[in-house]
Each structure stands twice: as structure tokens, then as C-alpha cells.
Student: 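Have a look at this one before I ask anything.
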Amino acid sequence: MPPRAPTGTRDLLWPESWRFEEAAARFRALVEPAGYGLIQSPVFEYSWVFRRGIGEENDVVGKEMYEFADRDGQMLALRPEGTASVVRAYLQHRPGLPWKAWYLAPLLRHERPQAARYRQHHQLGIEALGVADADLDVEVIWVAHAYFATLGLADYSLRIGSMGDAACRPAYLVDVRAFFEAHRGELCDEHRERFRANPMRVFDCKRPECRAVTSAAPKLVDHLCVECAAHFARVREGLGSLGVAFEIDPRLVRGFDYYTRTTFEFASGAIEAAQNALCGGGRYDGLVEMLGGPPTPGVGFGMGIERVLVACDGEGVFRVDPPALDAFVVDVAGGDAARAITARLRKAGLASDRAFDGRSMKAQMKLADRSGAAVALIVGPAESAAGTVLVRPLRSGGDQEPVPIAAVVDAVRDAVAGASGRGAPGQSSPGEGAPGREGRR
RNA sequence: GUGGGCGUAGCUCAGUUGGUUAGAGCGCCAGGUUGUGGCCCUGGAGGUCGGGGGUUCAAGUCCCCUCGCUCACCCCA
């Protein structure tokens with residue numbers, strides 16, 4: 001048996017890896033001009049950073065976190081989610097507020113893998129600290145929405161809710177607990193006792209018993225304090241004014257303890273698998289304090305790149321291919337020319353590759369063809385003696401022509417310009433792959 | 001952590017009631033084309049049939065265990 005990547009992880013090979021990077025590049029192109037700066041933080045933290053932020057009761061901390069003592073006995077954990085790390089970095093460096101950051105980070109959780117779920121996945125995210133204004137909630141949600149639009153996604157829905165805050169949630173929790181207590185017998189086996197620890201979980205349960213009970217239960221969105229209700233209203237108005245469609249979901253319960261007020265989730269309708277959440281986020285006005293800082297509001301989201309790409313496949317959009325090579329050098333006259341010419345082309349900024357090992361011309365031409373290059377540059381004994389190169393178009397009709405070595409760069413540029421007149425490589429073109437679909441090897 | 005499905009060449013898969021040297025297509029390499037790719041033709045390389053144990057004269061085919069993949073639950077992106 002050949003070696004394998006660990007369970008739940010995978011290798012992304014070219015050209016899929018290019019598409020992944022391109023998706024990230026588009027996110028960056030959207031978010032940086034909106035005032036978000038990239039933050040790179042470590043893939044592991046002291047365990048308490050996540051334990052305090054996410055909550056000990058949560059499965060992500062309780063049974064999914066990769067946690068270990070290092071050689072010095074420090075308890076460390078591989079990052080299972082993005083927000084806590086960013087907030088820890090904020091507290092360490094204290095950049096001026098408001099602080100808006102974006103990230104692309106691998107996240108690790110020891111889950112049982114299934115369709116669109118991995119032990120290592122990657123999230124694009126933004127976090128904004130120091131602003132309580134509901135308009136920032138709107139901006140954050142809008143960013144995710146706008147990003148989907150740049151990819152061409154259309155089949156998705158946005159649900160929003162509110163978790164209240166310290167002023168209204170505790171009183172509400174007393175009410176629901178009492179309600180569930182009264183209807184305890186009607187809850188499913190799992191939640192008959194568990195509702196005491198975390199009553200909000202019951203709203204998330206998919207079993208019909210629980211759903212029947214929760215549909216009649218008091219809803220947090222109906223019991224918000226004046227401030228939270230006003231905040232929630234303003235978020236709804238803001239989204240409406242930007243034309244972002246949403247629905248209010250009183251059952252929307254985000255799993256992490258740090259959420260307050262606004263919560264939201266985007267789900268795709270184009271993912272066949274059970275896991276169709278593309279992006280989840282919300283406001284976390286208490287998190288900075290939980291990690292030992294001063295009261296500081298925050299909002300953000302995390303978006304799973306793998307799932308976004310599955311959604312793109314489902315909708316048949318964002319079908320991008322890496323740019324093809326410009327030239328491939330075929331040398332059957334010893335190899336000196338191949339070395340010199342590829343160097344010359346690359347110095348001039350032309351994408352080029354060549355064959356090695358002194359293979360036959362037929363073999364080299366095959367490689368040239370597979371490389372997707374616009375032209376093959378052929379050097380045989382005759383060309384070598386004459387100081388010329390045969391420029392042979394590969395993707396379009398046209399005859400091959402001898403060109404003096406000094407003019408090779410210009411000749412390739414001309415050939416490439418002629419060949420790419422009908423749509424440059426790397427563009428999104430639904431239904432049809434760009435030239436060079438096979439990619440480089 | 002729980003449950004279902006599946007593991008035969010690099011890839012996608014055949015393989016009859018267990019029966020001789022395990023096949024195909026694609027891909028790869030070489031030749032047909034003594035200097036030219038994509039099409040076609042010919043040939044070649046490549047397999048501990050996931051691994052271990054058992055039943056049997058005989059196991060890719062049956063039984064057990066194990067590992068892995070996959071889908072779903074829990075939870076999450």
C-alpha cells in the first residue's frame with residue numbers, strides 16, 4: 001500500500017490547487033479595499049485560548065480539538081476555529097480600534113470525515129473589533145454576500161438571528177428552561193436531560209419531537225431587551241437597504257459561547273451533501289473580555305473554502321483554469337539551446353518549459369503538446385548550425401517558421417498574442433475550459 | 001464516538017455456482033514516421049486482487065479480524 005495522507009486530510013494538486021488559490025485571491029481583492037488587513041497567526045495556540053472562547057461544553061473543544069502537551073509540558077491546541085486566535089492576537093498587539101482583519105487559515109478538528117467535511121479545512125474570514133454599531137454587522141454580512149457574487153454563486157440563502165446579550169439572555173434562558181421542564185417528556189432522548197446545560201441546543205435538534213416542542217417554545221428574538229431589539233432591527237434594515245435577501249430564523253443557534261446579538265449563516269442549495277453551510281458568523285461582544293481584555297465589541301465570520309468550491313461545482317460556476325505556458329522548447333541538438341532559450345524567455349517574462357533527458361523529438365513534441373503551450377520552439381542540428389529556432393504554433397493553425405535566436409522572444413510574443421485573441425487563459429468561461437485545461441505537469 | 005456501503009493495474013471498472021499464467025478502457029513508454037504533437041495502428045511496462053488469519057485438493061470469489069475509503073448521525077465551514 002502506498003503512503004496516504006492522514007484521515008480527513010487531502011492533497012490538492014495542480015490545477016485544483018490553483019483554483020483554490022484563485023478563490024482566496026478574489027476574497028483578498030474584495031476585502032482589502034474594504035479596509036481589512038491580512039492577519040497571519042499560528043496554527044496552534046495555548047489551549048486555554050480556545051477553551052475560554054468557544055466554551056468547554058462545546059463539542060469542538062470537548063471532543064474534536066487536537067490538543068497535546070508539547071515537550072515543555074505546555075498545553076497546546078491546533079486551531080479549531082479562527083476567531084479566538086485573532087482576538088488573542090489583538091490583545092497581544094493592541095492595534096488601534098476599530099481594527100478590521102481578514103485571514104485565510106487551515107482549521108483542524110478531529111471529526112469523522114464525510115462529504116464536504118474534513119479534519120483539516122480552510123476558512124476565509126474577517127473579524128472587526130471595537131465597533132458596536134449594527135451597521136458593521138451589516139457590512140460583514142454584505143462582504144460574504146458580495147464574495148459569493150464575485151464567484152458567480154446564486155443558489156444560497158442567508159438566515160439571521162439574535163442571541164441577545166447579558167441584559168436579556170439570562171432572563172430568557174430561565175423562561176425556556178422552565179418551558180422545556182414543563183414539556184420534558186416530549187423532548188427527544190438526547191435532550192431530555194441535556195436541555196438544562198444548554199437549552200439553546202434544543203432549537204438546533206432535527207428530531208421531530210424536539211422540533212414540535214421548540215416551535216411552541218418562547219423565542220429569544222421575541223424576548224430581546226430594548227437595545228438588542230433595536231440592534232437587530234437596524235441589521236435587518238441595513239441588509240434590506242443593500243438588497244441582501246435574508247430570513248429571520250429563531251432557531252439559528254451558533255455553537256460557540258462567544259456569540260452575542262447578531263448571528264448568521266449562509267447555506268448553499270447546490271451542495272448535494274448534508275453539510276451545506278458555507279459561512280457562519282456573528283457578533284461576539286463578550287469575547288475580548290473572556291480572553292482577559294477590556295470590554296470590546298466584535299463581529300466576524302468564517303467561510304469554508306472547500307464547501308464554497310463544492311457549491312461552485314454544484315452551480316457550474318467559477319470554472320477557472322491556470323494560465324497556459326507560452327512556449328515549450330524542444331531541443332534535439334544536445335540541449336545547450338534549450339538551456340539558453342528557456343532562460344532567455346523566462347527573463348523576458350514568458351512562461352516556458354522544456355524537455356530533459358535528451359528524449360526523442362516525438363517524445364518532446366508530446367510534452368510540448370501536453371504542456372498547453374502556445375508554441376513549440378524546435379531546435380535541431382540544422383537550426384543549431386544556423387543559429388535559428390523553429391517557431392511552431394501548437395494551439396492554432398499556421399506554419400512553423402525559422403526565427404533567429406535573437407528574435408525568439410518577439411516571435412513568441414507575437415504568436416501568443418495571435419493565439420489568445422479569443423479569450424485569455426484563466427478567465428471564467430462556463431461550459432468550456434480555457435486553453436491549457438490539462439495544465440502543466 | 002455510533003451506523004450503512006465499498007476496497008481488483010496510475011485512473012474508471014469487469015471478473016460467471018471458489019477451478020489453470022487475473023482482464024478491458026483510459027493514461028504511461030516505445031515503434032509505425034531516419035527531425036514534429038494532437039487522430040489512427042502495433043507492441044510494451046505496470047497488479048503482495050487493502051492487510052492478517054481461517055475453511056478447502058483449490059480463494060479475487062466463502063468466514064473471522066483488522067486497516068482504509070465513503071456516506072449519514074452528533075457537531076460544524
Side-chain angles (χ1 to χ4, degrees), chain A residues 1-10 13 54-55 57-65 80-83 104-125 144 156 188-191 194 198 201 204-207 253-256 264-268 271-281 301-311 328-333 355 357 359-385 390-397 399-400 435 438 441:
Chain A
M1 274 282 94
R4 296 189 122 281
T7 298
T9 68
R10 58 177 192 160
L13 271 48
I54 300 173
E57 298 302 317
N58 191 281
D59 279 0
V60 169
V61 160
K63 56 184 215 188
E64 294 173 359
M65 198 156 72
E81 67 94 37
T83 305
L104 161 57
L107 266 39
L108 300 110
R109 297 177 198 164
H110 188 107
E111 301 182 277
R112 209 50 194 278
Q114 70 186 68
R117 162 197 273 167
Y118 305 92
R119 285 191 176 172
Q120 172 172 337
H121 77 284
H122 302 261
Q123 286 188 14
L124 290 164
Y156 60 86
C188 78
D189 297 344
E190 198 185 328
H191 292 286
R194 266 215 334 179
N198 193 347
R201 271 271 154 275
D204 227 12
C205 184
K206 286 168 192 148
R207 292 177 177 282
V253 175
R254 306 248 85 230
F256 301 145
F264 62 92
E265 183 173 306
F266 286 86
S268 171
I271 295 181
E272 295 296 324
Q275 308 304 327
N276 65 353
L278 298 175
C279 172
F301 69 68
M303 175 155 40
I305 301 182
E306 286 83 355
R307 282 191 194 168
V308 167
L309 291 177
V310 170
F328 192 96
V329 182
V330 171
D331 181 347
V332 285
D357 287 334
R359 301 241 258 153
S360 71
M361 177 174 278
K362 180 169 179 156
Q364 293 194 39
M365 285 302 294
K366 267 188 145 167
L367 292 177
D369 185 49
R370 272 185 245 147
S371 76
V375 298
L377 301 179
I378 305 170
V379 180
E383 290 73 24
S384 184
L390 278 180
V391 179
R392 178 181 175 83
L394 293 174
R395 327 303 306 172
S396 60
D399 296 326
Q400 59 187 26
E438 327 257 345
R441 319 288 313 250

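The basis for the numbers below is simple: all heavy atoms, side chains too, and nothing from hydrogens, waters or symmetry mates. Chain identifiers are assigned alphabetically (A, B, ...) following the order of the sequence lines, protein sequences preceding nucleic acid strands; residue numbering begins at 1 within each chain.
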Student: Can you see which heavy atom on A:I54 is nearest to which on A:P80, and at what distance?
Tutor: CD1-CG, 4.0 Å
Student: How about A:R307 and A:R117: do any of their side-chain heavy atoms sit closer than 4.5 Å?
Tutor: yes
Student: Less than 4.5 Å apart, any side-chain heavy atom of A:Q400 and any of A:V375?
Tutor: no
Student: A:I378 versus A:M361: any side-chain heavy-atom pair under 4.5 Å?
Tutor: yes
Student: What's the OH-C1' distance between A:Y118 and B:A77, to the nearest Å?
Tutor: 11 Å
Student: Reading RNA chain B 5' to 3', how would its secondary structure be written in dot-bracket notation, given Watson-Crick and G-U pairs with both distances under 3.5 Å, brackets [ ] for crossing pairs and | for partners on other strands?
Tutor: (((((((..((((.....[...)))).(((((.......))))).....(((((..]....))))))))))))....
Student: Excluding sequence neighbours, so at least two apart, what forms ring pair (Phe, Tyr, Trp, His ring centres under 6.0 Å) with A:F256?
Tutor: A:Y258
Student: Please name all residues satisfying ring pair (Phe, Tyr, Trp, His ring centres under 6.0 Å) with A:H121, sequence neighbours left out, ordered by chain then number.
Tutor: none
Student: Find the distance A:K63:NZ to B:C75:P and express it as a whole number of Å.
Tutor: 8 Å
Student: I need a per-nucleotide contact map over nucleotides 31-46 of chain B, read 5' to 3'. Cutoff is protein heavy atoms under 4.0 Å; write B for the base, S for backbone only, - otherwise.
Tutor: -B--BBBB--------
Student: Between A:E272 and A:I305, which has a closest nucleotide on RNA chain B that is more 5'?
Tutor: A:E272
Student: Tell me whether the OP1 or OP2 atom of B:C71 has a side-chain N or O from A:Q114 closer than 4.0 Å.
Tutor: no
Student: Starting from C1' on B:U2, measure out to CD on A:E64 and report it in whole angstrom.
Tutor: 14 Å
Student: Within the structure provided, determine whether A:L390 and A:V330 are in side-chain contact (heavy-atom separation under 4.5 Å).
Tutor: no
Student: Answer yes or no: is there an ion pair linking A:R359 with A:D331, defined by an N-O contact shorter than 4.0 Å?
Tutor: no
Student: Taking only residues two or more places apart in sequence or in another chain, which ones pass ring pair (Phe, Tyr, Trp, His ring centres under 6.0 Å) with A:F266?
Tutor: A:F148, A:Y156
Student: Return no unless some side-chain N or O of A:R359 is found under 4.0 Å from OP1 or OP2 of B:A30.
Tutor: yes
Student: Find which nucleotide of RNA chain B each of A:A116 and A:P6 is nearest to by heavy atoms, and output the residue with the more 5' nucleotide.
Tutor: A:P6
Student: Pick the P atom in B:U55 and in B:U17, then give their distance to the nearest Å.
Tutor: 25 Å
Student: Considering only atom C1', compute the distance from B:C29 to B:G10 and round it to an integer number of Å.
Tutor: 13 Å
Student: For a quick test of reading the model: is some side-chain N or O of A:Q120 closer than 4.0 Å to OP1 or OP2 of B:A77?
Tutor: no
Student: When all nucleic acid strands are considered with a 4.0 Å heavy-atom cut-off, which category describes A:A277: base, sugar-phosphate, or nothing?
Tutor: sugar-phosphate
Student: What integer number of Å spans the P atoms of B:C57 and B:U48?
Tutor: 29 Å
Student: Do A:R117 and B:C75 share a donor-acceptor pair, side chain to base, under 3.5 Å?
Tutor: yes
Student: Provide the distance between the two P atoms, one in B:G46 and one in B:C63, to the nearest whole Å.
Tutor: 33 Å
Student: Find the distance A:Q275:CD to B:C73:P and express it as a whole number of Å.
Tutor: 6 Å
Student: Apply side chain to side chain contact (heavy atoms under 4.5 Å, CB included) to A:A385 and list each qualifying residue two or more places apart in sequence or on a separate chain.
Tutor: none
Student: Rounding to an integer number of angstrom, what distance separates B:C41 and B:U33 when you compare their C1' atoms?
Tutor: 12 Å
Student: In whole Å, what separates the P atom of B:G3 from that of B:A14?
Tutor: 28 Å
Student: Starting at atom NE2 of A:H110, determine the distance to atom C1' of B:U2, rounded to an integer number of angstrom.
Tutor: 13 Å
Student: Looking at every strand, decide which applies to A:F328 at a 4.0 Å heavy-atom threshold: base, sugar-phosphate, or nothing.
Tutor: nothing
Student: Rounding to an integer number of angstrom, what distance separates B:G7 and B:C11 when you compare their P atoms?
Tutor: 15 Å
Student: Measuring only the P atom in each nucleotide, how far is B:C49 from B:A59? A whole number of Å is fine.
Tutor: 12 Å
Student: Please state how far atom CD in A:E111 lies from atom P in B:C75, giving the value in whole angstrom units.
Tutor: 12 Å
Student: In whole Å, what is the span from the CG atom of A:L13 to the C1' atom of B:C11?
Tutor: 13 Å
Student: Considering all heavy atoms of both residues, which atom of A:P113 and which atom of A:T7 are nearest to each other, and what is their separation?
Tutor: CG-CG2, 3.8 Å
Student: Separation of A:R112 atom CZ from B:U2 atom P, in whole Å?
Tutor: 8 Å
